[in-house]
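Encoded as structure tokens, the structure appears first; notes follow it.
Protein chains get the first letters and strands the later ones, always in sequence-line order, with residue 1 at the start of each. In this text, all values refer to a predicted model and were calculated from it rather than measured experimentally.
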Amino acid sequence: MPELPEVETTRRGIEPHILGKAVSGVVVRQPKLRWPVPPLHHLNGQRVRMLERRAKYLLIGFKHGTLILHLGMSGSLRVLPGDTPAGKHDHFDLQFGRQCLRLHDPRRFGAVLWTNRPPGEHELITHLGPEPLSDAFDPDYLYQQAQRRKVPIKQLVMDGKVVVGVGNIYATESLFLAGINPVRACNRISRKRIGNLVGCIRQVLARAIEQGGTTLRDFQREDGRPGYFQQELRVYGREGETCPVCGTAIRARQIGQRTSAWCPHCQH
DNA sequence: ACAGTAACCTGTTTGC
DNA sequence: TGCAAACAGGTTACTG
């Protein structure tokens with residue numbers, strides 16, 4: 001589920017509900033997530049000073065450190081009345097007075113971690129590549145990265161050390177928009193086409209954020225509404241259907257363990 | 001340094 | 001209908 005647009009949608013939805021508010025309780029119902037959830041009772045009484053996103057991580061800043069949240073494959077965060085009964089997969093609550101921020105994650109690939117250091121220095125974050133919507137992600141940068149390797153271009157743009165936040169859905173859609181075959185070796189694509197791809201990734205992500213992300217199955221925004229970008233998916237999940245541009249049947253195959261869909265006529 | 005694979009978990013869909 | 005296999009938005013850890 002949650003790629004960059006879904007995490008950013010969540011961040012924007014949650015921010016007005018928790019920024020400046022003091023934590024009044026922490027509930028860990030299931031500590032076995034991607035990594036064990038650490039003790040967090042020291043958050044009681046602490047105010048939220050900032051809420052940021054880095055890659056697909058949500059960073060909730062307090063005076064003495066930062067709570068790092070990741071939604072994994074199936075996670076979502078909701079702002080709910082504090083007395084809402086918890087379901088089977090509601091693993092973690094941060095209570096703020098009569099409201100609570102609740103993590104729901106059936107597959108438990110998500111994470112709740114704590115760091116006392118600047119979050120950018122955390123092991124999981126310090127080695128990440130640039131944000132795709134920042135100036136650092138530009139044609140020269142991606143072309144340089146592409147020249148160093150020879151993996152399929154789809155694997156390159158999904159590699160968090162190259163650029164963050166681009167998961168299977170948005171990599172698939174960006175490559176369609178750029179007219180590049182996802183299996184093409186990344187070092188055999190012209191500078192011009194790589195530059196175009198940078199613009200396409202930006203455009204797809206920005207539009208998806210506008211639409212509140214993509215809801216395929218269970219992604220929910222903080223208030224329970226779905227995203228709407230799935231209505232604009234051109235090839236992802238459409239194997240066998242016709243290309244919206246040329247009418248050719250859309251194909252799909254595994255690239256680096258992930259299903260990838262593309263139009264064999266439009267993408268080379 | 002790089003590339004490929006297995007692993008972490010559960011729910012839903014697909015195929016026999 | 002029932003059951004097992006395959007598959008799903010992510011990322012790390014291990015192997016060669």
Spacing of A:M158 atom CE relative to C:dT11 atom P, expressed in whole Å: 8 Å

Length of the CG-C1' vector between A:L33 and C:dT11, whole Å: 14 Å

Intra- and inter-strand pairs of DNA chain B in dot-bracket (Watson-Crick or G-U wobble, both distances under 3.5 Å; | for another strand): .|||||||.|||||||

Any residue of residues 140-148 of chain A with a heavy atom less than 4.0 Å from an atom of DNA chain C: none

From CE (A:M50) to CG (A:L19), nearest 0.5 Å: 10.0 Å

Short side-chain N/O contact from A:K56 to OP1 or OP2 of C:dT11, under 4.0 Å: yes

C:dC7 and B:dT5, which share atom name P, separated by this distance in whole Å: 15 Å

Modelled atom types, side-chain donor and acceptor of A:K154 and A:N168, under 3.5 Å: yes

Nearest-0.5 Å distance, CD of residue A:E8 to CD of residue A:E210: 12.5 Å

Rounded interatomic separation in angstrom, taking NZ from A:K161 and P from C:dT11: 11 Å

Side-chain H-bond candidate by donor/acceptor type, A:Q254 with A:S260, under 3.5 Å: no

Report each atom pair, protein N/O against N/O of nucleotides 10-14 of chain B, whose distance is under 3.5 angstrom.
residue : atom : partner : partner atom : Å
B:dT10  : OP1  : A:R108  : NH2          : 2.5
B:dT10  : O4'  : A:P106  : O            : 3.4
B:dG11  : OP1  : A:K88   : NZ           : 3.3
B:dG11  : OP1  : A:H89   : NE2          : 2.6

Nearest to side-chain heavy atoms of A:F109, which nucleotide of C:dA8, C:dT12, B:dC9: B:dC9

Touch class at under 4.0 angstrom, heavy-atom based, for A:F229 against every strand present: nothing

Candidates C:dC7, C:dG10, B:dG4 - which lies nearest the side chain of A:T259: C:dC7

Rounded distance in Å between the P positions of B:dA1 and C:dT11: 22 Å

Rounded distance in Å between the P positions of B:dC9 and C:dC3: 26 Å

ring-ring contact (aromatic ring centres under 6.0 Å, His included) partners of A:H70, counting only residues at least two apart: A:Y57

Apart from A:I255 itself, residues in the same hydrophobic cluster as defined by side-chain heavy atoms under 4.5 Å: A:V183

Donor-acceptor side-chain pairing of A:H268 and A:N181 below 3.5 angstrom: no

A:D93 side chain to A:Q95 backbone, donor-acceptor under 3.5 Å: no

Nearest-0.5 Å distance that lies between atom CD1 in A:I189 and atom CD1 in A:I180: 5.0 Å

Atom NE2 of A:H265: over 12 foreign heavy atoms under 6.0 Å: no

Between P of C:dC7 and CZ of A:R253, the distance in whole Å: 15 Å

Within residues 221-246 of chain A or reaching into it, pairs that qualify as side-chain hydrogen bond (donor to acceptor under 3.5 Å, both in side chains) - sequence neighbours excluded: A:R207-A:E232, A:Q211-A:E232, A:D223-A:R225, A:R238-A:E241

